[in-house]
Amino acid sequence: MQHPNIVEFQVTGDYGLFSDPILRVGGEKCSYQVPTYEALKGILSSVYWKPTIIWYIDAVRVMNRIQTEVKGVRPIHYQDSKNELAYYTYLKDCRYQVRAHFEWNENRPELAGDRDENKHHNIARRMIRKGGRRDVFLGTRECQGYVEPCVFGEGPGIYDEDPPELAFGLMYHGITYADEAYSPETRGRMTVRFWYPVMKKGIITFPRPEDCILTKDLGEMPVKSFYRDGEPGEVE
């Protein structure tokens with residue numbers, strides 16, 4: 001299904017580290033071979049985001065060869081100021097084309113007056129041309145990324161022909177927060193999603209969050225209010 005508010009952009013960076021958040025608490029860190037849905041959504045949210053909309057990542061195209069580099073780092077302990085030696089496995093020479101669109105956040109009825117599709121679409125495309133409103137990262141803070149407009153599918157990619165299909169096994173898809181709930185089961189909860197991605201000629205097509213068949217409930221989560229005392233009136 002094609003949406004009228006589609007945006008397309010390319011994100012590049014020397015390094016990337018995409019992984020399940022639970023694996024980033026400490027110790028060794030190892031990147032997935034391709035970016036996650038949540039990481040790409042985070043990149044687009046850094047380019048332009050409003051609580052009125054929800055970004056949906058439709059597809060990503062892997063342009064450069066998937067290769068990794070191991071680095072020795074000295075992370076600081078959470079419990080004290082000491083540090084230790086650890087090895088992080090990064091993706092290197094990253095370049096991806098991304099296609100996405102936005103839809104109205106039905107969990108925010110108080111912002112219905114801000115639902116101007118042309119306004120948000122034009123601002124998002126302008127912010128892509130400017131490189132984003134906030135800093136862009138490829139998975140983690142130390143992996144700086146750069147955004148620029150592109151036409152999805154244009155230009156040669158390393159996986160355009162060979163291999164025709166590549167599966168990556170079980171992979172983290174993203175987190176459904178309370179203000180993006182899509183069902184009674186996810187309302188007022190935080191839920192993590194998983195799926196089985198397959199890359200076909202360099203392109204990975206993402207399912208919508210509600211189409212991920214593997215989910216795990218992480219607990220209760222209230223919806224943040226943008227009004228004082230949680231009641232409509234004066235905005236904070």
Side-chain angles (χ1 to χ4, degrees), residues 1-13 16 18 34-64 94-141 143-155 157 172-182 186 193 195 197 202-212 223-226 235-236:
M1 177 180 178
Q2 291 292 322
H3 298 268
N5 52 43
I6 284 178
V7 295
E8 297 176 337
F9 63 92
Q10 177 175 267
V11 58
T12 58
F18 308 105
V34 291
T36 63
Y37 178 98
E38 191 73 16
L40 295 173
K41 182 180 177 182
I43 289 172
L44 191 48
S45 296
S46 293
V47 173
Y48 177 69
W49 176 84
K50 291 288 288 290
T52 312
I53 65 176
I54 298 177
W55 284 112
Y56 290 87
I57 307 301
D58 299 319
V60 62
R61 183 180 179 215
V62 181
M63 302 297 291
N64 291 349
C94 302
R95 184 161 68 101
Y96 309 103
Q97 291 182 352
V98 183
R99 183 174 62 225
H101 73 279
F102 67 81
E103 298 178 13
W104 303 129
N105 189 346
E106 300 296 339
N107 298 294
R108 296 287 185 183
E110 72 275 18
L111 300 176
D114 190 39
R115 293 177 182 176
D116 186 329
E117 186 170 5
N118 287 333
K119 180 188 79 171
H120 291 296
H121 191 213
N122 289 335
I123 294 175
R125 291 191 299 173
R126 186 162 66 249
M127 289 302 100
I128 289 174
R129 292 196 299 270
K130 296 291 186 179
R133 283 186 166 179
R134 302 192 300 271
D135 289 345
V136 171
F137 309 110
L138 294 176
T140 56
R141 182 65 176 82
C143 301
Q144 183 75 42
Y146 304 92
V147 168
E148 60 185 283
C150 78
V151 176
F152 189 89
E154 191 173 82
Y172 167 75
H173 185 274
I175 292 179
T176 300
Y177 297 97
D179 63 343
E180 296 184 357
Y182 53 79
T186 57
R193 310 181 304 270
W195 72 306
I203 296 177
I204 298 175
T205 301
F206 290 101
R208 293 173 61 88
E210 59 266 32
D211 293 333
C212 292
V223 177
K224 175 179 171 57
S225 173
F226 292 102
V235 180
E236 289 183 318

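Side-chain atoms are counted along with the backbone in the values below, which use heavy atoms only and exclude waters and symmetry mates. Just so it is clear, the model here is predicted, and its values are computed rather than measured.
The two residues Trp195 and Tyr172 make their nearest non-hydrogen contact at NE1-O, 4.2 Å. Between Ala181 and Asn107, the shortest heavy-atom distance links the atoms O-ND2, 3.0 Å. Across all non-hydrogen atoms, the minimal contact from Phe9 to Ile43 is CE1-CG2, 4.1 Å. In terms of heavy atoms, Tyr182 sits closest to Pro209 at OH-O, 3.7 Å. Heavy atoms only, all atoms of each residue included: Val7 and Ala124 are closest at CG1-CB, 4.3 Å. Contact between Cys94 and Gly16 at its shortest, heavy atoms only, is SG-N, 3.7 Å.
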Would you check, one step at a time, whether the test side-chain contact (heavy atoms from CB on, under 4.5 Å) holds for Asp58 with Phe206?
CA-CA 6 Å; Asp58 299 319; Phe206 290 101; over 6 Å; no
Derivation and outcome, side-chain contact (heavy atoms from CB on, under 4.5 Å), residues Phe137 and Gln144:
CA-CA 5 Å; Phe137 309 110; Gln144 183 75 42; 3.8 Å; yes
Residues Ile203, Arg99; criterion side-chain contact (heavy atoms from CB on, under 4.5 Å); working and verdict
CA-CA 11 Å; Ile203 296 177; Arg99 183 174 62 225; 6.0 Å; no
May I have the step-by-step check of side-chain contact (heavy atoms from CB on, under 4.5 Å) for Val60 and Leu40, ending in yes or no?
CA-CA 9 Å; Val60 62; Leu40 295 173; 3.7 Å; yes
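For the atom pair OH of Tyr56 and CD1 of Ile6, the computed distance is 14.5 Å after rounding to the nearest 0.5 Å. Note that CZ of Arg134 is 12.0 Å distant from CE of Met127, once rounded to the nearest 0.5 Å. Note that the CH2 atom of Trp49 and the CZ atom of Arg133 stand 11.5 Å from one another [nearest 0.5 Å]. With rounding to the nearest 0.5 angstrom, the CG atom of Asn122 is 11.0 Å from the CG atom of Asn5.
The closest side-chain heavy-atom distance from Phe18 to Tyr37 is not below 4.5 Å. Using a 4.5 Å heavy-atom threshold, the side chains of Trp104 and Ile53 count as touching. In this structure the side chain of Thr186 never reaches within 4.5 angstrom of the side chain of Glu180, judged on heavy atoms.
By the side-chain contact (heavy atoms from CB on, under 4.5 Å) test, Cys150 is found to be paired with Gln10, Gln97, residues two or more places apart in sequence or in another chain being considered. Partners of Arg193 according to the side-chain hydrogen bond (donor to acceptor under 3.5 Å, both in side chains) rule, which considers only residues two or more places apart in sequence or in another chain, are His173, Thr176. Scored by the side-chain hydrogen bond (donor to acceptor under 3.5 Å, both in side chains) test, Glu210 finds Arg208 as partners (sequence neighbours excluded). Residues satisfying the ring-ring contact (aromatic ring centres under 6.0 Å, His included) criterion with Phe152, sequence neighbours excluded, are absent altogether. Glu8 meets the salt bridge (Lys or Arg N to Asp or Glu O under 4.0 Å) test with no other residue; sequence neighbours excluded.
Arg95 places no side-chain N or O within donor-acceptor distance of the main-chain N or O of Gly157, the cut-off being under 3.5 Å. Of the possible polar contacts, one joining the Glu38 side chain to the Ile175 backbone as a donor-acceptor pair under 3.5 Å is found. Asn105 places a side-chain N or O within donor-acceptor distance of the main-chain N or O of Asp179, the cut-off being under 3.5 Å.
Annotation: salt bridge (Lys or Arg N to Asp or Glu O under 4.0 Å) contacts involving residues 113-125, sequence neighbours excluded, comprise Lys50-Asp114, Glu106-Arg115, Asp114-Lys119.
The aromatic rings of His120 and Phe102 sit perpendicular to each other, their planes meeting at more than 60°, with 30° as the lower class boundary.
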